[in-house]
2 protein chains.
Amino acid sequence: MKCGISILGSTGSIGRQSLDVAEKLGLRVCALTANRNTALAEEQARRFRPEVMAMYSHAAAAELKVRLADTPVKVVAGEDGLIEAAVHPQADTVVTAVVGTVGLRPTLAAIYEKKRIALANKETLVCAGRIVMEEAKRNGAEIIPVDSEHSAIFQCLAGGRPFRTIILTASGGPFRGMHREELMQVTVEDALRHPNWNMGPKITVDCATMMNKGLEFIEAMHLFGARPEQIRVLVHPQSIVHSMVEYPDHSIIAQMGMPDMRLPIELALTYPLRGPAVAPALDLTQVSALTFEHPDLEAFPCLGLAMEAARMRGTACAVMNAANETAVELFLNRKIRFCQIYEYVRSAVEALPASDSGIDGVLEADREARRFVLGKV
Amino acid sequence: MKCGISILGSTGSIGRQSLDVAEKLGLRVCALTANRNTALAEEQARRFRPEVMAMYSHAAAAELKVRLADTPVKVVAGEDGLIEAAVHPQADTVVTAVVGTVGLRPTLAAIYEKKRIALANKETLVCAGRIVMEEAKRNGAEIIPVDSEHSAIFQCLAGGRPFRTIILTASGGPFRGMHREELMQVTVEDALRHPNWNMGPKITVDCATMMNKGLEFIEAMHLFGARPEQIRVLVHPQSIVHSMVEYPDHSIIAQMGMPDMRLPIELALTYPLRGPAVAPALDLTQVSALTFEHPDLEAFPCLGLAMEAARMRGTACAVMNAANETAVELFLNRKIRFCQIYEYVRSAVEALPASDSGIDGVLEADREARRFVLGKV
């Protein structure tokens with residue numbers, strides 16, 4: 001078992017659960033990073049005693065430095081600070097749980113140092129999947145997915161390759177079964193009411209639009225070397241089967257568990273070993289009957305859009321992702337309606353050129369897409 | 001891929017499906033064996049051109065010799081004939097699909113020759129699990145299960161060991177949900193009406209009593225080195241999830257597929273490769289909702305009895321198995337009622353001593369149990 005970890009994004013939902021798992025496994029926490037939540041960052045620093053604590057916000061870093069003046073914790077700032085945390089020499093594994101493209105360079109830095117990446121940052125693969133997977137291969141760095149779906153696929157692929165189809169399951173979100181017209185009226189509160197998972201607001205809205213499943217579709221392509229036509233999305237409202245793999249003989253291997261992110265987090269930290277159990281056991285006699293249905297691409301066009309973008313070259317996925325992040329933010333701030341998220345994202349994907357020029361090109365496409373969406377409001 | 005196979009029991013349900021799979025995979029059929037169905041044996045011999053065709057019945061062998069006089073097929077007889085088929089030098093894999101303890105010595109003979117065993121004969125492990133697994137290990141012979149449940153567990157264990165629990169699924173048979181009193185009245189025709197699987201009469205009755213699941217419980221212990229308390233039976237009436245493995249982190253890996261024995265047969269022949277698909281694909285949007293419930297051990301006491309026998313030493317399982325086979329035969333011949341199957345088997349297990357003296361002891365216990373049951377009618 002690996003014994004030192006860094007967590008990028010320790011104050012978010014995955015970051016906090018990663019600390020919970022790390023504590024239960026008795027892992028050494030070498031470095032943590034956060035954006036600007038200094039109160040929680042201070043609490044975590046005092047509890048887990050990392051050597052390095054990075055705040056992305058320089059102002060927050062200055063504040064935290066004062067708060068932690070009586071401790072030996074080294075407080076650093078900005079992207080350079082995140083990178084320092086990512087390459088901490090005692091960390092074997094880096095949990096990348098920051099939200100957004102800010103995770104890109106620190107993740108690459110950890111890959112160059114041959115760290116194991118417990119990957120929870122979607123943007124890493126959505127925006128720069130080809131680059132990141134190539135660098136991981138070249139440097140011999142393992143990438144173990146933390147998303148429950150990709151962790152499930154990773155586990156189901158232990159039986160060997162080649163696979164025939166990856167079956168990505170989706171809860172369907174809070175609006176499953178609703179028609180396009182009904183979705184015109186939904187509010188922020190409606191969108192934040194996810195039936196099965198307790199997550200941050202951005203990803204919860206992505207579940208409601210099903211863009212989340214689209215982003216996972218793109219991630220799965222990169223992680224498992226799948227062609228778009230090898231990935232199928234099935235709506236499975238009970239969120240018990242976290243995803244499946246169909247083999248060439250028509251055998252399907254599925255992974256099941258309680259909807260608890262600590263299970264995939266733990267696996268990413270302990271793999272190839274497993275346990276002790278941190279997540280609760282699944283009692284199949286106590287859950288509802290398991291059902292599966294096709295997604296409604298008319299009511300949830302973001303999923304179809306992501307599948308289209310997955311087939312485009314260059315920065316199309318980066319543009320889509322940044323446009324979506326900005327549009328969701330506008331929706332959460334009640335500046336646009338739920339259905340406008342899709343409209344804004346599609347117009348960005350259609351308007352902006354898909355370049356093909358490395359990480360700088362990805363970050364430039366990201367900035368451009370944000371400007372484009374903000375310019376439309 | 002292995003390219004030569006022998007099939008012990010080629011005229012039974014699994015044997016015929018094995019030939020279907022072998023034909024589709026383009027495998028060479030080296031040897032076949034049957035009991036006394038000379039008409040089908042002749043047809044198979046003419047179609048698949050094995051070098052050796054063994055009939056367990058000497059009379060049937062004499063008849064087949066005449067029928068096949070115009071062919072180069074060598075017809076042999078009795079247990080020695082079965083062994084000759086099992087050790088055929090060109091066969092890499094031996095499918096053991098005979099019913100009963102008659103499969104025991106031929107299977108061991110194949111193990112001594114380091115053949116891969118595609119194991120479909122329940123008695124091999126139920127009656128002599130310890131001996132057979134030890135010999136397989138000593139000789140470096142692979143045993144790949146063909147039962148859909150054990151094949152599922154085998155596939156789910158590809159993710160590595162140790163496991164926490166094996167979850168053996170059961171359809172529940174045609175009498176699921178019925179009470180002990182209602183079961184007093186059921187007929188042979190009722191018992192032969194299995195909801196999901198098309199199998200021979202003996203195993204179909206075993207599904208109705210749930211003894212089949214008890215035998216599989218014992219097999220799973222031996223195949224996967226599980227303690228009895230590590231195996232749980234769950235009734236899953238849709239027969240889509242063929243079994244599961246729970247890992248120490250509470251992750252559950254499940255194998256699913258259409259209820260078609262050609263899938264596990266194919267896997268046993270091609271492992272570690274898979275495909276091309278012989279069984280149809282499973283479309284999860286087209287099947288009923290998947291449900292799981294605890295088995296009713298009061299209505300189906302044979303399952304509990306088998307779990308008890310699994311914990312006993314020596315020949316207890318061999319006695320139970322032979323007593324059950326005899327009692328089922330009596331039931332099929334309308335000599336005893338459905339609920340008497342359990343009563344006869346329990347009294348045999350309680351009355352007969354559990355010796356511990358190798359294959360001869362197993363076969364002697366088998367004969368004694370049969371005599372005991374027949375003596376009670």
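The chains referred to below are lettered A, B, ... by the order of the sequence lines, with proteins before strands, and numbering in each begins at 1.
Using a cutoff of 4.0 Å between basic side-chain nitrogens and carboxylate oxygens, A/Arg16 and A/Asp20 are not scored as salt-bridged. One finds no salt bridge joining B/Glu266 and B/Lys24 here, because no Lys/Arg side-chain nitrogen approaches an Asp/Glu carboxylate oxygen to under 4.0 Å.
Only the side chain of B/Glu246 comes within less than 4.5 Å of a heavy atom in chain A; its backbone stays farther off. Using a 4.5 Å cut-off between heavy atoms, A/Pro280 contacts chain B through its backbone alone, with no side-chain atom that close. For chain A, the nearby part of B/Arg164 is the side chain; its heavy atoms alone come within less than 4.5 Å. Proximity to chain A is limited to the side chain of B/Met244, based on heavy atoms less than 4.5 angstrom apart.
Counting only N and O atoms by type, the side chains of A/Gln255 and A/Ser151 include no donor and acceptor under 3.5 Å apart. Using a 3.5 Å distance cut-off with no hydrogens or angles, the side chains of A/Thr285 and A/Asp283 do pair a donor with an acceptor. For the residue pair A/Glu149 / A/Thr169, no side-chain donor-acceptor distance below 3.5 Å is found, with atom types taken as modelled.
In terms of heavy-atom pairs under 4.5 Å with chain B, the best-connected choice from A/Ile253, A/Val287, A/Leu282 is A/Ile253.
Geometrically, B/Arg274 engages A/Tyr247 in a cation-pi contact, judged by NZ or CZ lying under 6.0 Å from the ring centre and within 45° of the ring axis.
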Give the C-alpha distance, both sets of side-chain angles, the deciding distance and a yes or no for ring-ring contact (aromatic ring centres under 6.0 Å, His included) between B/Phe154 and B/Tyr271. CA-CA 11 Å; B/Phe154 179 80; B/Tyr271 179 83; 4.9 Å; yes
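Residue pairs meeting the ring pair (Phe, Tyr, Trp, His ring centres under 6.0 Å) criterion with at least one member in residues 279-301 of chain B, sequence neighbours excluded, are B/His236-B/Phe292.
Using non-hydrogen atoms only and a strict 4.5 Å limit, the part of residues 226-234 of chain A facing chain B consists of A/Leu234.
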